Structure formats: structure tokens, C-alpha cells
Protein chains: 2
Amino acid sequence: MVEKNLNSTLAFALLGLIGDEARSGYDLRKFFSSTPMTSFSDSPGAIYPALRRLERSGLIRGEADSRRGSRRRTLFRLTARGRAEFRRWQGQPIVRDDVVRRVDELMLRFAFMDQFAGRTSGLKFLKAFQNELATYIPDLRIYLRSNRAHMPLSGRLALESGILGYETLYRWTKVAIAAYRSKGENR
Amino acid sequence: MVEKNLNSTLAFALLGLIGDEARSGYDLRKFFSSTPMTSFSDSPGAIYPALRRLERSGLIRGEADSRRGSRRRTLFRLTARGRAEFRRWQGQPIVRDDVVRRVDELMLRFAFMDQFAGRTSGLKFLKAFQNELATYIPDLRIYLRSNRAHMPLSGRLALESGILGYETLYRWTKVAIAAYRSKGENR
DNA sequence: TAGTCCATGTAAGATGTTACATGATTCA
DNA sequence: TGAATCATGTAACATCTTACATGGACTA
């Protein structure tokens with residue numbers, strides 16, 4: 001059995017990146033601070049303990065880097081269990097609560113689709129995502145319609161911004177599904 | 001001096017809602033679970049301790065509700081210091097890091113603009129927000145352009161989704177600024 | 001050789017999650 | 001009177017933030 005629940009989004013971001021190629025804690029920090037994956041913290045107090053936990057759970061394994069001179073550094077690689085656990089997380093069903101409170105996590109799951117799962121999984125994910133958006137957006141619209149009269153302007157605008165964001169996501173799923181389909185054809 | 005840092009977004013969400021009208025912990029939980037402000041947790045283990053901390057800091061004050069029969073419940077109201085602290089938080093400058101990692105918090109700040117600050121503050125906020133978006137979006141586009149070749153399709157699509165989201169926000173600031181302007185004229 | 005970057009870590013503190021618990025009140 | 005809902009709480013646990021610390025290696 002897999003030891004614990006392994007909640008944290010950061011942990012999965014680390015697993016995904018390590019799955020792409022072997023990386024050290026420092027590499028991961030640099031990645032978070034220098035690419036658009038900046039939404040994750042590059043603080044050592046978050047990353048090094050997280051790597052420890054992943055190693056203790058047997059999802060990654062670290063070994064001293066022997067290349068070059070060189071400075072002491074530990075390169076981490078995914079274990080078979082780590083890869084399986086990542087896939088399990090990626091393949092979970094998409095529920096309303098994911099769309100409402102964890103869009104970032106959904107995007108992270110999708111971002112590593114090609115490396116860990118196949119084109120079919122990617123398509124399945126996008127369709128499920130689109131489906132949840134299609135049931136959530138009307139609920140937001142209904143709430144707006146029945147409350148807009150007694151909402152302050154700023155509150156109403158903030159809500160509208162949220163709705164626009166979800167509608168943009170919805171349109172994105174259509175584009176993404178089309179991209180996956182044409183990718184498949186080109187093979 | 002204000003005792004502590006008072007980081008948590010949840011704490012400010014509570015302050016904002018209590019500022020609108022006196023509410024109990026249960027009211028707040030219901031609000032989070034039944035409106036689009038669902039991004040906040042409605043769990044008692046988060047809300048009741050947070051209310052305690054706010055009361056201990058002197059930002060809210062609770063008193064037993066005497067209306068009706070009735071069940072014991074504590075109604076919280078903002079204190080003058082609570083209102084001032086909320087305004088301080090709302091009025092902080094908007095920096096790149098807010099746009100990159102704390103859009104939700106920015107939206108929360110804006111959502112309560114009308115109740116806590118004036119139309120001028122709202123406009124100022126929107127312009128600063130727009131400005132930060134205008135400098136961030138090109139950076140994302142540059143990153144995409146120079147990395148798209150060696151990115152997997154899913155990763156590239158995830159990044160594009162992020163960019164689309166920020167572009168939607170940018171267009172929203174224009175709409176919101178226009179709405180504020182016409183609101184001012186109508187007065 | 002002095003400063004900067006590489007590379008990893010720890011400690012204190014705050015916050016949030018999950019799960020459990022408790023009683024009172026309303027309603028069927 | 002039994003079930004559902006109101007209303008508040010606590011305990012254990014994990015995680016993250018902030019700040020500090022260390023030492024080796026490169027470079028000017």
C-alpha cells in the first residue's frame with residue numbers, strides 16, 4: 001500500500017518534473033523561479049522537506065551527482081512506484097470541487113499528460129474537464145442573474161471575472177481537444 | 001501597532017463578509033458553501049479558529065445573538081481597527097508576484113472595494129492591476145515562443161491556457177474600468 | 001582573496017485539512 | 001420521539017512561510 005495520502009500539489013509538481021529528467025533540489029527551485037511554473041514556491045523550506053518525504057515514501061530516489069568537479073548535489077529520479085503514483089493522481093475522476101477550488105491542480109495534472117499517459121488519457125481528461133465546466137458555468141450565471149441587482153459593482157465585477165475565466169477555460173478545452181485530435185491524425 | 005502579519009486570505013474574506021453585515025461562524029460557513037465564494041473552505045476547523053484569532057487581534061468582536069428563541073450563536077462585527085486593517089490590505093500596491101501567484105487574493109481585495117473604499121480606490125486598483133498584467137503577459141508570450149518547439153503538446157497547451165486566462169483578465173480590467181467610469185458619471 | 005553563486009539544510013511559527021464530538025432545536 | 005439541522009468546537013497531522021545558517025566552488 002502507498003503509505004500516506006500525499007496531498008500537496010507541490011509534491012506532484014516535483015514528481016512531474018523529476019519524471020521528465022533527473023533533477024536536484026536546486027534545479028527544481030530554479031525551475032520554479034525562472035519559468036511560468038512560478039505559481040509554486042521556490043523556497044528551500046518547502047522543497048527540500050518535500051523531497052525528503054517523497055524519498056521516504058519510495059516515490060523518488062536520490063543519488064550523489066558525480067559529473068564534473070564538483071559541488072555536492074543530489075540528483076533525484078522517479079521510481080516505478082513514483083511513476084505509478086503520479087499516473088494514479090493524473091487519472092482520478094474530475095469532480096465539481098476540482099473545477100471550483102483546484103483548477104491549478106487540474107492544469108498541473110494535464111501539463112504532464114504526454115509524458116506519463118497517452119493521447120487517449122489526454123483526450124479523456126479534456127472531455128471530462130469540459131463536461132464539468134459545462135455544468136458549472138450555468139450555475140454561476142444563474143447566481144449572477146438572481147443576485148446582480150443587490151450586489152455592489154465591485155463584487156459583481158469580481159464574479160463576472162470569475163465567470164469569464166471559466167468560459168475562457170471552456171473555449172480552451174475545445175481548442176485543446178482539436179489539437180489532440182489533429183496530433184493523432186498526423187502520426 | 002497591529003499585532004501580527006495576518007497573512008491568510010481566509011481571514012480577509014471573513015473580515016470582508018463581516019464588514020458587510022454582522023455574521024456568525026455558521027453564517028460564514030454557509031456563505032462559503034452556497035455561493036461562488038466557494039473557493040474558501042467551509043470547514044469548521046478553519047473558520048472557528050480564524051475567528052478566534054481575529055477577535056484576539058481586536059479586528060472583530062463577537063456578541064451573543066439574542067434574537068428569537070434561540071440557539072446559541074455568536075454574531076461578529078468589525079471593529080474600527082478591523083475596518084482599518086482591511087483597508088490597509090486592500091490598498092497595498094500591486095506587484096508582479098501578486099499577479100503571478102495570488103490572483104485570487106487580488107480579486108478578493110477588489111470584490112469588497114465598494115464597501116470599504118471609494119470609487120477612486122477602485123479605479124486606482126484596476127489601473128494598477130491592468131498595468132501589471134500588461135507587463136506580465138508579454139513575458140509569458142516570449143517564454144512560449146522560445147520554448148514551444150521542445151515542449152510536449154500537453155505542457156504547451158497548459159501554458160497557453162494560463163496566457164489566455166491572463167489575457168481574459170486584461171480585457172476584464174478594461175470593462176471594469178469603463179463600468180466604474182460610467183458609474184461615476186451617473187451619480 | 002573577497003564576493004557571489006551553488007546547493008542544501010533547519011527551526012519556529014502559522015494555517016489548513018480531516019475527522020470526531022457535542023448539545024440544542026426544529027420538524028415530521 | 002426520532003431524525004435532521006443548527007451551531008460550535010477540538011485534536012492530530014501535514015504543509016508551507018520566513019528567516020537563518022553553512023560551506024564549497026568559481027571569478028574578478
Side-chain angles (χ1 to χ4, degrees), chain A residues 2-15 22-34 38-57 59-60 62-76 97-98 101-102 104-105, chain B residues 2-15 22-34 38-57 59-60 62-76 97-98 101-102 104-105:
Chain A
V2 180
E3 270 86 29
K4 284 297 168 68
N5 42 349
L6 190 55
N7 284 336
S8 117
T9 309
L10 172 64
F12 287 106
L14 296 173
L15 288 180
R23 294 184 209 247
S24 70
Y26 193 75
D27 292 339
L28 293 160
R29 290 185 59 202
K30 285 297 137 189
F31 192 89
F32 288 146
S33 65
S34 68
T38 311
S39 43
F40 293 98
S41 164
D42 67 337
S43 102
I47 288 178
Y48 291 105
L51 288 170
R52 282 284 178 81
R53 289 191 297 269
L54 290 171
E55 190 169 31
R56 238 176 306 163
S57 318
L59 303 183
I60 63 176
E63 51 185 318
D65 183 14
S66 50
R67 310 170 315 178
R68 302 202 289 179
S70 72
R71 298 184 173 102
R72 99 188 193 277
R73 58 182 234 135
T74 309
L75 272 181
F76 291 97
D97 213 46
D98 291 321
R101 303 178 54 185
R102 288 181 294 270
D104 289 351
E105 190 176 337
Chain B
V2 179
E3 270 87 29
K4 286 294 170 73
N5 41 351
L6 190 57
N7 285 337
S8 117
T9 309
L10 172 63
F12 287 106
L14 297 174
L15 287 180
R23 293 182 209 248
S24 70
Y26 193 75
D27 292 338
L28 293 159
R29 291 184 59 202
K30 285 298 137 187
F31 193 88
F32 288 146
S33 65
S34 68
T38 311
S39 43
F40 294 98
S41 163
D42 67 336
S43 100
I47 288 178
Y48 290 105
L51 288 170
R52 282 285 178 80
R53 290 191 295 270
L54 290 172
E55 190 168 31
R56 239 177 305 165
S57 318
L59 303 184
I60 62 176
E63 50 184 321
D65 183 12
S66 50
R67 307 171 318 179
R68 301 205 288 179
S70 74
R71 297 183 172 102
R72 100 188 192 277
R73 60 185 233 132
T74 309
L75 272 181
F76 290 97
D97 213 46
D98 291 321
R101 303 176 55 185
R102 286 181 295 271
D104 289 350
E105 190 176 338

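Scope of the values below: all heavy atoms of this structure, side chains included, with no hydrogens, waters or symmetry mates. Just so it is clear, the structure is predicted and the values come from calculations on it, not from any experiment.
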Enquirer: Identify which nucleotide among C:dT8, D:dT17, C:dG16 has an atom closest to any side-chain atom of B:Arg53, counting heavy atoms from C-beta outward.
Expert: C:dG16

Enquirer: Counting heavy atoms from C-beta on, name the nucleotide in D:dG9, C:dT10, D:dC6 closest to the side chain of B:Lys30.
Expert: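 So the side chain of B:Lys30 is nearest to D:dC6.
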
Enquirer: Take A:Leu10 and A:Pro44, find for each the nucleotide of DNA chain D with the closest heavy atom, and name the residue whose nucleotide sits nearer the 5' end.
Expert: A:Leu10

Enquirer: Students often get this wrong, so: under 4.0 angstrom with heavy atoms, is B:Gly25 touching a base, only sugar-phosphate, or nothing?
Expert: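 It contacts sugar-phosphate atoms only.
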
Enquirer: Taking the side chain of A:Ala46 as heavy atoms from C-beta outward, which of C:dT8, D:dT8, D:dC16 is closest to it?
Expert: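 Nearest to the side-chain atoms of A:Ala46, counting from C-beta on, is D:dC16.
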
Enquirer: Ignoring the backbone of B:Tyr48, work out which of C:dG16, D:dT8, D:dT17 is nearest its side chain.
Expert: D:dT8

Enquirer: Does any part of the side chain of B:Ile60, heavy atoms only, come nearer than 4.5 Å to the side chain of B:Leu14, both counted from C-beta?
Expert: no

Enquirer: Can you confirm if the NZ or CZ of B:Arg23 lies within 45° of the ring axis of B:Phe31 and under 6.0 Å from the centre of its six-membered ring?
Expert: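 Yes, B:Arg23 and B:Phe31 form such a contact.
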
Enquirer: From the list C:dT10, C:dT8, D:dT17, which nucleotide is the closest neighbour of the side chain of A:Arg52?
Expert: C:dT10

Enquirer: Contact class for B:Ser8 vs. all strands (heavy atom < 4.0 Å): base, sugar-phosphate, or nothing?
Expert: sugar-phosphate

Enquirer: At under 4.0 Å between heavy atoms, what does B:Arg101 touch on the DNA or RNA strands: base, sugar-phosphate, or nothing?
Expert: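 Sugar-phosphate contact only - B:Arg101 comes under 4.0 Å of backbone atoms but never of a base.
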
Enquirer: Choosing from D:dT17, D:dT8, C:dC6, which nucleotide comes nearest the side chain of A:Ser41?
Expert: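 Comparing D:dT17, D:dT8, C:dC6 against the side chain of A:Ser41, the answer is D:dT17.
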
Enquirer: Check every strand shown and say whether A:Arg23 touches a base, only sugar-phosphate, or nothing at a heavy-atom separation below 4.0 Å.
Expert: nothing

